[in-house]
Amino acid sequence: MTPTPTPAIELDHVTCRFLSPDGRATIALQDFSMTVNRGEFVAVVGPTGCGKSTTLSLITGLLKPTVGQVRIMGQPVTEIDPRIGFVFQNDAVFPWRNVLDNAAAGPMFRGMPKAQAHEKARDWLRRVGLAGFEKHYPHQLSGGMRKRVALAQTFINQPEILLMDEPFSALDMQTRTLMQDELLQLWSASGGSVVFVTHDLEEAVALADKVLVLSARPATVRAVYEIDLPRPRIMSQVRYEPRFIEYSRQIWEELKEEVHI
């Protein structure tokens, strides 16, 4: 028998507590377990402030669990892992660097010669539709274009795990749809694992292989939905499929009770 591959990410019965300035303990996650398989796209939804972003911080190693264990590729997380890429809600580009130097930053920080890093960056900028904008600075770009720079900046490092914290929430609907399609194309070519935090339930269903619904704080996993929609998916089309509508209805019925709490 072929052995089952080790999951890319495992949170095993994790509890995470914070101390507030007045000394009170706040529990963000309680008895929280989740598994992300290799090559899997997992979306995480839940009420505002329930601890969705905390899960990403635990995976990166920026936070340590109070109880339980976090594992990456079968090994406990003890430090920030270079195999992980992160796309933030806000633009995390360097305003003093042009587009080419922003995209090349990761390889250069990892020791790649500048000429080689620039050659690689040009290739990724072409992939995200920014060929010809290499010498522009972030303030000269639209919000969608800056997000494309952020995607190039992340994917150029070929992360095995990609964490995304509401990356498209600030974009208008048309630009968001284009960026979602761009993300799916990049992800399908990379073969990496994705954890995508979002407040947009339809975005979660349209993108993911699996949707985790979190409870109100302290968060635990209330339900897991396997999304059986064919790939490749086109965002402007998948929303009209009957199964998409049914998934959205079911997950909202689950989620709205926690939102009311």
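Values reported hereafter were calculated over all heavy atoms of this structure, with side chains retained and with hydrogens, waters and symmetry mates removed. In this text, all values refer to a predicted model and were calculated from it rather than measured experimentally.
At a threshold of 4.0 Å, the pair R243-E246 does not count as salt-bridged, since none of the basic side-chain nitrogens sits closer than that to a carboxylate oxygen.
Here the shortest heavy-atom pairing between A43 and A204 reads CB-CB, 3.6 Å. The heavy-atom pair separating T54 from C16 by the smallest distance is CG2-SG, 4.2 Å. A152 and V128 make their closest contact through CB-CG2, 4.0 Å (heavy atoms, listed as atom of the first residue, atom of the second, distance). Between V77 and K64, the shortest heavy-atom distance links the atoms O-NZ, 4.0 Å. Residues G144 and L171 approach most closely at N-CD2, 3.8 Å, considering heavy atoms. When all heavy atoms are compared, the tightest approach of S248 to L201 is O-CD2, 3.6 Å.
E241 pairs by the side chain to side chain contact (heavy atoms under 4.5 Å, CB included) definition with L229, P230, V238, F244, not counting sequence neighbours. In this structure R122 satisfies the salt bridge (charged side-chain N to carboxylate O under 4.0 Å, His left out) test with no other residue, sequence neighbours excluded. Not counting sequence neighbours, the partners of S169 by the side chain to side chain contact (heavy atoms under 4.5 Å, CB included) test are Q89, E166. Annotation: side-chain hydrogen bond (donor to acceptor under 3.5 Å, both in side chains) contacts of S57 (sequence neighbours excluded): none. Residues that satisfy the salt bridge (charged side-chain N to carboxylate O under 4.0 Å, His left out) test with K120, not counting sequence neighbours, are absent from this structure. Partners of T154 under the side-chain hydrogen bond (donor to acceptor under 3.5 Å, both in side chains) rule, at least two apart in sequence or in another chain, do not exist in this structure.
Looking at heavy atoms from C-beta onward, F18 lies in side-chain contact with L63 at the 4.5 angstrom threshold. Taking the side chain as every heavy atom from C-beta outward, R233 and R231 approach each other to under 4.5 Å. For the pair R17/T26, no side-chain contact is recorded, criterion being any heavy-atom separation below 4.5 Å from C-beta on. By the 4.5 Å heavy-atom criterion applied to side chains, T48 and H199 are counted as neighbours. Counting only heavy atoms from C-beta outward, the side chains of Q140 and M145 never approach each other to under 4.5 Å. Counting heavy atoms from C-beta outward, D12 and R71 have side chains that approach closer than 4.5 Å. When side chains are defined from C-beta on, M164 does not count as touching V195, because their heavy atoms never get closer than 4.5 Å. Looking only at side-chain heavy atoms (C-beta outward), K210 and V44 stay at 4.5 Å or farther from each other.
Cluster membership check: W252 shares its hydrophobic cluster with V213, using side-chain heavy-atom separations under 4.5 Å among Ile, Leu, Val, Met, Phe, Trp and Tyr. Each of L29 and L255 belongs to its own hydrophobic cluster when Ile, Leu, Val, Met, Phe, Trp and Tyr are linked at side-chain heavy-atom distances under 4.5 angstrom. L212 and F196 are not part of a single hydrophobic cluster, where members link through side-chain heavy atoms under 4.5 Å apart. Grouping the Ile, Leu, Val, Met, Phe, Trp and Tyr side chains by contacts below 4.5 angstrom, directly or via other members, places L58 with V36. Connection of V42 to I59 is established within a shared hydrophobic cluster, with ILVMFWY side chains joined at heavy-atom distances below 4.5 Å, either directly or through further cluster members.
Chaining together hydrophobic side chains whose heavy atoms lie under 4.5 Å apart places I80 alongside L62. Through side-chain heavy atoms spaced under 4.5 Å, either directly or across other Ile, Leu, Val, Met, Phe, Trp or Tyr residues, M108 is tied to no other residue.
Checking side-chain atoms of D172 against main-chain N and O of T175 turns up a donor-acceptor pair under 3.5 Å. The backbone N or O of P47 lies less than 3.5 Å from a partner atom in the side chain of K52, making a donor-acceptor pair. Remark: the backbone N or O of G132 is paired with a side-chain donor or acceptor of E134 at under 3.5 angstrom.
In this structure, R127 is positioned above the aromatic face of W124, its NZ or CZ under 6.0 Å from the six-membered ring centre and within 45° of the axis.
Here CG of L151 is found 8.0 Å from CG of L162. Values are rounded to the nearest 0.5 Å. Note that the CZ atom of R83 and the CE atom of M73 stand 5.5 Å from one another [nearest 0.5 Å]. The line from NE2 of H136 to CZ of R146 is 13.0 Å long, rounded to the nearest 0.5 Å. Between I72 atom CD1 and T78 atom OG1 the span is 10.5 Å, to the nearest 0.5 Å.
Pairs engaging residues 49-88 under the ring pair (Phe, Tyr, Trp, His ring centres under 6.0 Å) rule: F86-F88 [sequence neighbours left out]. The stretch residues 159-180 participates, sequence neighbours left out, in no ring pair (Phe, Tyr, Trp, His ring centres under 6.0 Å) pair at all. Residue pairs satisfying the salt bridge (charged side-chain N to carboxylate O under 4.0 Å, His left out) criterion with at least one member in residues 180-206, sequence neighbours excluded, are listed as follows: R148-E182, R176-D200, E202-R239.
Sparse packing is recorded around NZ of K114, with 12 or fewer heavy atoms of other residues, nucleotides or ligands lying under 6.0 Å away.
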Side-chain donor-acceptor distances from residues 96-104 under 3.5 Å, at least two apart:
{"from": "N98", "atom 1": "OD1", "to": "L100", "atom 2": "N", "distance (Å)": "3.2"}
{"from": "N98", "atom 1": "OD1", "to": "D101", "atom 2": "N", "distance (Å)": "2.8"}
{"from": "D101", "atom 1": "OD1", "to": "H118", "atom 2": "NE2", "distance (Å)": "2.7"}
{"from": "N102", "atom 1": "OD1", "to": "F94", "atom 2": "N", "distance (Å)": "2.7"}
{"from": "N102", "atom 1": "OD1", "to": "Q153", "atom 2": "NE2", "distance (Å)": "3.2"}
{"from": "N102", "atom 1": "ND2", "to": "F94", "atom 2": "O", "distance (Å)": "3.0"}
{"from": "N102", "atom 1": "ND2", "to": "R97", "atom 2": "O", "distance (Å)": "2.9"}
{"from": "N102", "atom 1": "ND2", "to": "N98", "atom 2": "O", "distance (Å)": "3.2"}

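There is a side-chain donor-acceptor pair under 3.5 Å between S53 and D165.
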